[in-house]
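By convention in this document, chain letters (A, B, ...) are assigned in the order of the sequence lines, proteins followed by strands, and residues within each chain are numbered from 1. Both backbone and side-chain heavy atoms feed into the values below; hydrogens, waters and symmetry mates do not.
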2 protein chains.
Amino acid sequence: MITIKEIAKEARVSIATVSRVLNGTGGYSQETFDRVNKIADAHHYLKNAAAHTLVSASSKIIGILIPSVSTSFSGYIINGIEDAAYAAGYDVILAHTGIGGDERRLLENINMMRNRQVEGLVIVSNQFTETALTLIQRLRLNTTLISTSTRNNSLPAFVIDDVAAMHAVTSYLLSIGHQHIAIIGADPDDHVTGAPRIKGYRDAMMDAGMVPSIAWVQRGDFSYESGYTGFKRLYSGEHDITAVCCVSDEAALGVIAAAHEFGLSVPDDLSVTGFDGTRLSEMVRPRLTTVRQPFYRMGKAGTTALLQHITSGESINGETFPFEIEIRESAKPLDTQRRGE
Amino acid sequence: MITIKEIAKEARVSIATVSRVLNGTGGYSQETFDRVNKIADAHHYLKNAAAHTLVSASSKIIGILIPSVSTSFSGYIINGIEDAAYAAGYDVILAHTGIGGDERRLLENINMMRNRQVEGLVIVSNQFTETALTLIQRLRLNTTLISTSTRNNSLPAFVIDDVAAMHAVTSYLLSIGHQHIAIIGADPDDHVTGAPRIKGYRDAMMDAGMVPSIAWVQRGDFSYESGYTGFKRLYSGEHDITAVCCVSDEAALGVIAAAHEFGLSVPDDLSVTGFDGTRLSEMVRPRLTTVRQPFYRMGKAGTTALLQHITSGESINGETFPFEIEIRESAKPLDTQRRGE
DNA sequence: CTGAAAGCGCTTACAG
DNA sequence: CTGAAAGCGCTTACAG
């Protein structure tokens, strides 16, 4: 790879001049400008990013920390982040923290982001610990959160209102006549997403004068599997459930699969709703009634705000995005369902 | 952030000694070692990666080039790449090239990888052009290909045998009595994946003495949409089709959705097979009979080989992975199907 | 076992 | 408009 030193030699100017020309910072004649650029182009000059980072203390890199990139919604968020970064001339370092929550790997990766001199950090749907939070603060990493938040809102978060969203789907189910509604797949100990969704469900039920029994809340980890086992557990005891609202589209598919095994057809015998509004929810039959989260926009907006903060010091204001209830075929009015027993 | 200079000062040794201690390269007393490390730890020293990259000309970074991270299988591959990189102490830069194939963005990103001094490049399922290939070669980027290949095999590829795989699913369909079998979703002009799969299908049909009509091959771009529109186009003209093999799980779901609109139920009226074996194929009902590709392993093996090449100069040998036909419920013997009209 | 020095490829005042 | 010089934070012969 050719360096500015060689270009300088060939153009018979100093490296300072080459640097100025290549960065277009002014302070050279048109003639010099053309000559230097011509030589640089001829040799396919590419600036050494490490040298630039070292001297300018600006890496033009942002980091993404994500549990796993293979859950169905993470792709949309990453696309949004990447597009925003690309538009601003930033590159992206990606690191997994692992789904189970391997704290050591998480901390290592946060340190890695710092020693790579990332200018900003985007954390996606992560359950990060106090230790991680402290480390981020000590490292003075500009951070933005997508689809997650801290308990005390210490970091700007780009999210939807989980309580309101779950309240809305549950109310929809109530509005079409269902009363025996279960919720499957959320972890009540997860204060960022699980608990609020359960609260939204519970509030809606209460508003309608229903008191959900304990068995109606089947905990899980948002996965297909937790939908599947959750429904099996539920249905073994409770046969009068007519609708289930799930906390992810994948969990909804798990519920539907388990229902099949009981000879139940969706939505004829059971109404099921998803959450997220991923492509999945439109690709299956019956298509899922679900809550659509604007993942791509959340990723993009969060990153754009972060970048704005980096370049012009504007403070980052988190944003709560509107969600949409997509009414499709996996749930239908109780009086059109074949009743259970 | 503290630097070795400050550590040196505090430990009253030279920066050279600090560097040696921190890298564990030997050449210091136990006492010095302890003292320096203690100070470094106390100040949470983190090595400046840019300085290290600049001086050692080794960035410890590999790059991933991928069209989009939101197709259903890309996540598994990226997880494999990331895990292999993490295990070897490498970090990962991710860049999208866009699904449509924005060549300018592709070339820009290849250049970016070079000026970020990536030590290796992993290209995932990309349709890259001659220009891109030339650029990669000129830049002397160590490159490995996952789930794609070059026409002349100039770059090591980690793939499955598409001809054999499609031959196998088609043969399976034939073996359970189907004869009027269509293929939907492949682009015959795509020489890396589309054409080979069509060939596998055609060969299997020919082997069984069938001559597929032109209408039986519905081109597409592997997407859900192309499955959907492909089946609509097909079925408008040909009502005697009893089975469809698709080139992706998503396309299979598109076919199933379109079939529904014709009042056809899968597999009772129509058998459908997928391709890829993503989680999708197990989450839907009926579960898809499909071809499972070991994406995670492909990503991991390709990256491991690349890293081995980088560190010990071993040449990279591409690898053709075994696939598996997963027999599930979306396809069934012709004589158990309700016949079409 | 340890230090002084050169150098990686850039940027940026400063002086002219 | 242009150049000499210092410096970013490291590594690595070389000499002792």
Given C:dG3, D:dG3, D:dC1, the nucleotide with the shortest approach to the side chain of B:V13 = C:dG3
Strictly by modelled atom types, are A:T32 and A:S29 linked by a side-chain donor-acceptor pair under 3.5 Å?
-> yes
Do the side-chain N or O atoms of B:S14 get closer than 4.0 angstrom to the phosphate oxygens (OP1, OP2) of C:dT2?
-> no
Side chain to side chain donor-acceptor pair (under 3.5 Å) evaluation trace for A:T134 with A:Q137 = CA-CA 5 Å; A:T134 312; A:Q137 252 131 22; 5.6 Å; no
Reading 5' to 3' through nucleotides 7-14 of chain C, protein heavy-atom contacts under 4.0 Å coded B for base, S for sugar-phosphate only, - for none = BBBBBBB-
Test side chain to side chain donor-acceptor pair (under 3.5 Å) on B:N23 and B:K47 and set out the steps.
-> CA-CA 10 Å; B:N23 290 310; B:K47 183 186 292 186; 2.7 Å; yes
State, without any angle test, whether B:T53 and B:Q117 hold a side-chain donor-acceptor pair at a distance under 3.5 Å.
-> no
Under 4.0 Å between any heavy atoms, over every strand shown, what does A:T32 touch: base, sugar-phosphate, or nothing? Just pick one.
-> sugar-phosphate
Between B:D34 (CG) and C:dC1 (C1'), how many Å, whole number?
-> 15 Å
Mind listing the side-chain donor-acceptor pairs of residues 37-46 of chain B below 3.5 Å, one per line with the distance, residues two or more places apart or on another chain?
residue	atom	partner	partner atom	Å
B:N37	ND2	B:F33	O	3.4
B:H43	NE2	B:E10	OE1	3.0
B:H44	ND1	A:R138	NH2	3.2

If pairing requires Watson-Crick or G-U wobble contacts with both distances under 3.5 Å, which nucleotide is the partner of D:dT2?
-> C:dA15
When the ring centroid of B:Y76 is compared with that of B:Y296, is the distance short of 6.0 Å?
-> no
